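To start, the structure itself, in structure tokens.
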2 protein chains.
Amino acid sequence: MGVLEKVRTRSRAAAPAAPAELPLDQILMGDCIAAMRSLPAKSVDCIFADPPYNLQLGGDLNRPDGSHVDAVTDHWDKFDSLAVYDRFTREWLAEARRILKDDGTIWVIGSYHNIFKVGSAIQDLGFWILNDIIWRKANPMPNFKGTRFTNAHETLIWASSGEKAKYTFNYRSMKTLNDELQMRSDWEFPICGGQERLKKDGHKVHPTQKPEALLYRILLASTKPGDVVLDPFFGTGTTGAVAKRLGRHWIGIERELDYVDAAMERIAAALPLDESQLKTMQAPKAAPRVAFGQLVENGYLMPGAVLTDAKRKHVAVVGADGSLRCGDNAGSIHKLGAALQGAPSCNGWTYWHHEVDGKLKPIDTLRQTYLLATQP
Amino acid sequence: MGVLEKVRTRSRAAAPAAPAELPLDQILMGDCIAAMRSLPAKSVDCIFADPPYNLQLGGDLNRPDGSHVDAVTDHWDKFDSLAVYDRFTREWLAEARRILKDDGTIWVIGSYHNIFKVGSAIQDLGFWILNDIIWRKANPMPNFKGTRFTNAHETLIWASSGEKAKYTFNYRSMKTLNDELQMRSDWEFPICGGQERLKKDGHKVHPTQKPEALLYRILLASTKPGDVVLDPFFGTGTTGAVAKRLGRHWIGIERELDYVDAAMERIAAALPLDESQLKTMQAPKAAPRVAFGQLVENGYLMPGAVLTDAKRKHVAVVGADGSLRCGDNAGSIHKLGAALQGAPSCNGWTYWHHEVDGKLKPIDTLRQTYLLATQP
DNA sequence: TGGATCTTTGAATCATTCC
DNA sequence: AGGAATGATTCAAAGATCC
């Protein structure tokens with residue numbers, strides 16, 4: 001096992017403190033599994049992993065014009081057999097599971113060469129798959145030989161620590177990001193190129209550098225500001241750069257010195273966003289619950305007041321105890337709404353309306369008024 | 001093992017003859033593995049398999065409007081554990097490998113519930129994966145509870161009988177079908193509905209009927225006229241209907257009588273196409289939709305950037321998730337624009353502007369720039 | 001008949017808090 | 001721990017209905 005070196009970057013994270021024993025905002029240099037063993041159990045909120053794909057490339061590949069394709073031929077992508085790759089996968093995933101908090105999630109990206117082994121191991125280890133996500137490449141490399149379909153996507157697996165585990169999913173942020181439509185499981189991004197692509201002496205520093213846009217969406221979807229994100233295959237530090245921008249802590253593991261150097265320089269140059277820019281569209285959770293009866297007690301609605309649904313199909317009368325009655329039917333605003341619609345459940349706050357100046361308004365607005373008046 | 005019944009349909013295939021011992025253009029009724037054992041080794045050119053997904057659904061699911069989701073609760077999708085499912089998968093795949101010709105290929109479709117187990121077994125059994133293909137659903141079911149990303153795709157694995165094996169790939173047909181661009185690994189189709197969806201007494205006959213367009217592309221890509229296509233999970237016979245249309249022989253295996261009945265009727269009604277009719281039928285692509293958040297993710301606008309309307313009446317700041325904030329008001333570019341104007345709706349793309357060289361330009365120009373940069 | 005509007009539905013591992 | 005109460009939540013396509 002290699003010696004671990006902690007490499008501190010100059011980043012002064014704008015994020016709140018986290019458990020002191022974690023090497024926050026640092027790169028651990030060395031073997032991925034050994035380095036993970038040095039981290040405490042249940043200590044990180046999110047793991048993003050871009051493991052070797054085990055590409056098993058044959059000979060060289062040339063384009064139709066004769067030029068040479070700069071493929072992934074690095075030694076770290078070589079495994080003696082599928083079985084060896086499988087064992088390696090299960091080992092690092094087992095460590096990942098130990099380090100992940102109960103309410104944390106893991107992301108792994110791969111291609112058809114390795115993703116089925118990865119996904120199978122994830123399930124066997126007790127992770128619970130939440131989604132598989134397709135990264136559709138806007139500009140993939142064509143299949144020069146015309147022997148197969150253009151390999152135009154990669155697959156990500158997103159999993160929680162177990163079937164019943166809680167996890168962070170910033171639903172509102174994702175919906176906002178996608179123009180008020182639910183974010184789907186297929187994402188389109190260009191491959192990493194242009195200014196973003198790290199180069200040295202005209203050659204790309206890392207053969208499979210991931211686009212920052214991809215990590216941006218991943219971290220925005222599944223972490224909160226101040227969370228700790230671990231990347232056990234850090235490469236040139238895309239995860240660290242985006243985590244820093246988004247006010248998340250990061251920990252990277254990488255054994256190639258060239259990559260570590262490039263990553264440190266890159267992350268040092270990354271600029272964190274202000275607090276105000278980080279404000280996302282999270283549902284305001286903290287608002288205390290208000291019982292409908294409180295509105296009656298406090299005179300926002302009088303007993304005997306008449307409520308109706310938006311289409312004035314049903315009419316109900318408010319009781320002194322905050323119940324609603326409609327003919328022989330009576331119950332809470334939710335129960336009665338559900339019963340009248342024959343639905344299994346109903347949000348009474350948005351279903352029931354009262355008339356103000358001839359217009360119907362949902363009683364939820366009364367709740368907001370009450371909250372504004374009573375909150376400090 | 002159940003008794004096998006051969007069910008001969010009235011189809012008189014327009015295709016050339018094939019080995020006599022094969023039950024061509026017939027449905028074998030019975031257990032999939034037992035039926036496969038009755039077929040000779042290395043006898044079929046292509047296998048398409050749509051095995052049970054092992055969905056493991058929890059309780060009922062209702063839509064926000066209270067209506068009930070008609071989920072897959074059929075007995076054939078129930079397995080005692082992941083290990084049992086894994087064993088079942090390896091058993092039928094091993095039989096499939098025995099039956100497949102050396103130069104044949106296999107297709108398997110699945111979702112994240114099962115596809116990793118399938119893919120892992122495919123590799124372990126010595127098949128050689130050629131591509132994984134994404135079926136992007138044009139109209140997937142939303143995630144009603146807002147707990148995950150909309151599950152908007154399914155995955156297909158395409159594999160040959162081994163690493164060095166020859167196989168059929170009709171490259172030209174695929175390129176023609178795709179407007180003279182190489183066919184990519186992500187395919188978009190609507191889910192099966194409308195006239196195509198088989199119904200009985202107003203209810204769908206099969207819960208997971210696949211669209212014929214999907215099988216059309218699969219068979220056109222990977223088989224030749226007269227080839228024999230085996231479908232060990234035949235269901236209501238999509239594979240048979242499309243194979244007949246395309247002049248391929250088919251063999252189906254199915255154990256549910258209701259499905260067999262529906263399949264026979266359907267295939268009998270299917271009309272083989274003339275050669276001339278085999279020409280493409282792809283609709284031209286509409287310009288892809290761009291979400292405002294994509295511009296932020298891809299650095300066309302930074303979080304913190306300032307936008308304003310054409311008259312500089314309102315000023316708003318871009319958030320990290322593509323939201324806009326103006327004082328206490330926040331939301332998508334459309335929502336915030338509407339709110340500030342007191343209008344019911346607003347096209348944020350033309351309403352909001354950013355300053356370039358002292359001049360205001362609508363953010364729609366950024367969208368155009370992004371489209372130009374990312375579209376082929 | 002045609003356009004506008006309403007209704008239905010699809011392989012789904014789909015909640016959280018309080019008592 | 002388990003049951004009950006509360007409350008948050010949907011997109012596109014096809015078909016039906018209405019005017």
Side-chain angles (χ1 to χ4, degrees), chain A residues 123 127-132 158-160 162-167 169 171-172 175 178-185 283-285 287-293 311 322 331-335 337-338 343-351 364 367, chain B residues 50-74 76-79 82 85 109-115 135-155 188-197 199 202-204 206-211 233 235 289:
Chain A
Q123 290 182 303
F127 289 107
W128 194 249
I129 297 180
L130 300 167
N131 280 113
D132 61 335
W158 182 40
S160 67
E163 179 173 358
K164 305 291 181 192
K166 288 191 199 306
Y167 57 91
F169 177 53
Y171 176 74
R172 281 298 328 166
K175 192 164 175 178
N178 195 35
D179 259 5
E180 293 302 318
L181 289 180
Q182 280 192 342
M183 187 68 81
R184 297 167 40 120
S185 58
K285 277 184 201 168
R289 292 163 78 113
V290 176
F292 180 67
K311 293 178 183 169
S332 71
I333 54 171
H334 311 296
K335 277 269 163 75
S345 71
C346 164
N347 182 347
W349 291 110
T350 51
Y351 179 75
D364 198 40
R367 178 168 61 160
Chain B
D50 181 10
Y53 287 9
N54 189 28
L55 287 186
Q56 306 177 62
L57 303 178
D60 279 6
L61 180 64
N62 295 299
R63 297 186 173 82
D65 67 4
S67 65
H68 184 254
V69 175
D70 185 15
V72 178
T73 53
D74 305 72
W76 48 254
D77 196 46
K78 299 243 182 298
F79 294 83
L82 195 56
Y85 184 81
I109 184 168
S111 66
Y112 67 84
H113 308 84
N114 71 324
I115 199 67
W135 168 26
R136 302 177 54 221
K137 299 183 183 182
N139 48 348
M141 180 152 64
N143 181 296
F144 298 114
K145 303 291 187 194
T147 55
R148 303 177 180 192
F149 298 97
T150 302
N151 204 356
H153 73 275
E154 294 189 23
T155 301
E188 177 167 332
F189 297 107
I191 56 180
C192 182
Q195 293 300 316
E196 187 184 333
R197 187 91 196 199
K199 302 218 172 170
H203 296 96
K204 49 191 178 190
H206 194 288
T208 71
Q209 185 183 337
K210 295 293 176 286
F233 306 94
R289 204 176 55 85

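In what follows, chains are A, B, ... by sequence order, proteins preceding strands, each numbered from 1. Keep in mind it's a predicted model, so treat the numbers as computed, not measured.
- Judged by distance alone, the side chain of A:Ser185 and the main-chain N or O of B:Thr150 form a donor-acceptor pair under 3.5 Å.
- As a whole-Å value, the separation of B:Arg148 CZ from D:dT9 P is 17 Å.
- Using a 90° window around 0 for the glycosidic torsion, C:dT13 falls inside it and is classed as syn.
- Note on A:Tyr171: a side-chain N or O is less than 4.0 Å away from OP1 or OP2 of D:dT10.
- Separating the NZ atom of A:Lys164 from the P atom of C:dT16 is a distance of 12 Å, rounded to the nearest angstrom.
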Check your understanding: Based on Watson-Crick and G-U pairs with both distances under 3.5 Å, what dot-bracket line describes DNA chain C 5' to 3', crossing pairs as [ ] and inter-strand pairs as |?
Key -> .|||||||||....|||||
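- Counting all heavy atoms, side chain and backbone alike, B:Asn62 lies closest to B:Phe144 at O-CB, 4.2 Å.
- In this structure, the salt bridge (charged side-chain N to carboxylate O under 4.0 Å, His left out) partners of B:Asp70, at least two apart in sequence or on a different chain, are B:Lys204.
- Annotation: of the two residues near DNA chain D, A:Cys346 and A:Gln182, the 5′-most nearest-nucleotide partner is A:Cys346.
- Here A:Ser345 lies in heavy-atom contact (under 4.0 Å) with a base.
- Contact annotation for A:Ile129: base contact, defined as any heavy-atom pair under 4.0 Å involving a base atom.
- On the C1' atoms, D:dA12 is 23 Å away from C:dT13, given to the nearest whole Å.
- Separating the C1' atom of C:dA12 from that of D:dT6 is a span of 24 Å, rounded to the nearest Å.
- For B:Tyr53, the ring-ring contact (aromatic ring centres under 6.0 Å, His included) criterion is met by no residue, not counting sequence neighbours.
- Without hydrogens or angle criteria, A:Asn178 side chain to A:Leu181 main chain gives a donor-acceptor distance under 3.5 Å.
- The phosphate of D:dA5 (OP1 or OP2) has no side-chain N or O of A:His334 nearer than 4.0 angstrom.
- Here the two rings, on A:Tyr167 and A:Trp128, have centers that are 6.0 Å apart or farther.
- Not counting sequence neighbours, the partners of B:Asp50 by the salt bridge (charged side-chain N to carboxylate O under 4.0 Å, His left out) test are B:Lys210.
- For the pair A:Lys335 NZ and D:dT6 C1', the computed distance is 10 Å after rounding to whole Å.
- Of the candidate nucleotides C:dC14, D:dA13, D:dC11, D:dA13 has the atom lying nearest to any side-chain atom of B:Ala138.
- Nucleotide C:dC14 holds its P atom 13 Å from the CH2 atom of A:Trp158, rounded to whole Å.
- As rounded to whole Å, 12 Å separates atom P of C:dA15 from atom CD of A:Glu163.
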Practice item. Take B:Ile115 and B:Glu154 through the side chain to side chain contact (heavy atoms under 4.5 Å, CB included) test and state the conclusion after the steps. Key: CA-CA 9 Å; B:Ile115 199 67; B:Glu154 294 189 23; over 6 Å; no
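- Using C1' as the reference atom, D:dC19 and C:dT1 are 12 Å apart when rounded to the nearest Å.
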Check your understanding: Given B:His153 and A:Asp132, is the side chain to side chain contact (heavy atoms under 4.5 Å, CB included) satisfied, shown in steps?
Key -> CA-CA 9 Å; B:His153 73 275; A:Asp132 61 335; 3.0 Å; yes
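- For B:Asn143 and D:dA8, the CG to C1' distance is 12 Å, given to the nearest whole Å.
- At the phosphate of D:dT10, OP1 or OP2 sits under 4.0 Å from a side-chain N or O atom of A:Lys175.
- Remark: P of D:dA8 and OH of A:Tyr351 are 18 Å apart, rounded to the nearest angstrom.
- Ring geometry for A:His334 against A:Trp349 counts as perpendicular: the plane angle is over 60°, on a 0 to 90° scale with 30° as the lower cut.
- With sequence neighbours left out, the ring-ring contact (aromatic ring centres under 6.0 Å, His included) criterion links B:Phe79 to B:Tyr85, B:Phe88.
- Note on B:Gly194: only backbone sugar-phosphate atoms sit closer than 4.0 angstrom, heavy atoms only; bases stay farther off.
- Among the atoms of the strands shown, base atoms are found under 4.0 Å from some heavy atom of A:Trp128.
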Please write out each protein N/O paired with an N/O of nucleotides 7-12 of chain C under 3.5 Å, distance rounded to 0.1 Å.
unit_1 : atom_1 : unit_2   : atom_2 : d
C:dG10 : OP2    : B:Lys204 : NZ     : 2.8
C:dG10 : O5'    : B:Lys204 : NZ     : 3.1
C:dG10 : N7     : B:Arg63  : NH2    : 2.4
C:dG10 : O6     : B:Arg63  : NE     : 3.1
C:dG10 : O6     : B:Arg63  : NH2    : 3.4
C:dG10 : N2     : B:Asn139 : O      : 3.2
C:dG10 : N2     : B:Pro140 : O      : 2.9
C:dA11 : OP2    : B:Arg197 : NH1    : 2.9
C:dA11 : OP2    : B:Arg197 : NH2    : 3.4
C:dA11 : OP2    : B:Pro207 : O      : 3.1
C:dA11 : N7     : B:Tyr53  : OH     : 3.4
C:dA11 : N7     : B:Lys210 : NZ     : 3.2
C:dA11 : N6     : B:Asp50  : OD1    : 3.4
C:dA11 : N6     : B:Pro51  : O      : 3.0
C:dA11 : N1     : B:Tyr53  : N      : 3.0
C:dA12 : O3'    : B:Asn151 : ND2    : 3.2
C:dA12 : N6     : B:Gly59  : O      : 3.1
C:dA12 : N1     : B:Gly59  : O      : 3.3

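- C:dA11 and D:dG7 have their C1' atoms separated by 28 Å, with the value rounded to a whole Å.
- We find that CZ of B:Arg136 is positioned 12 Å from P of D:dA13, with the value rounded to whole Å.
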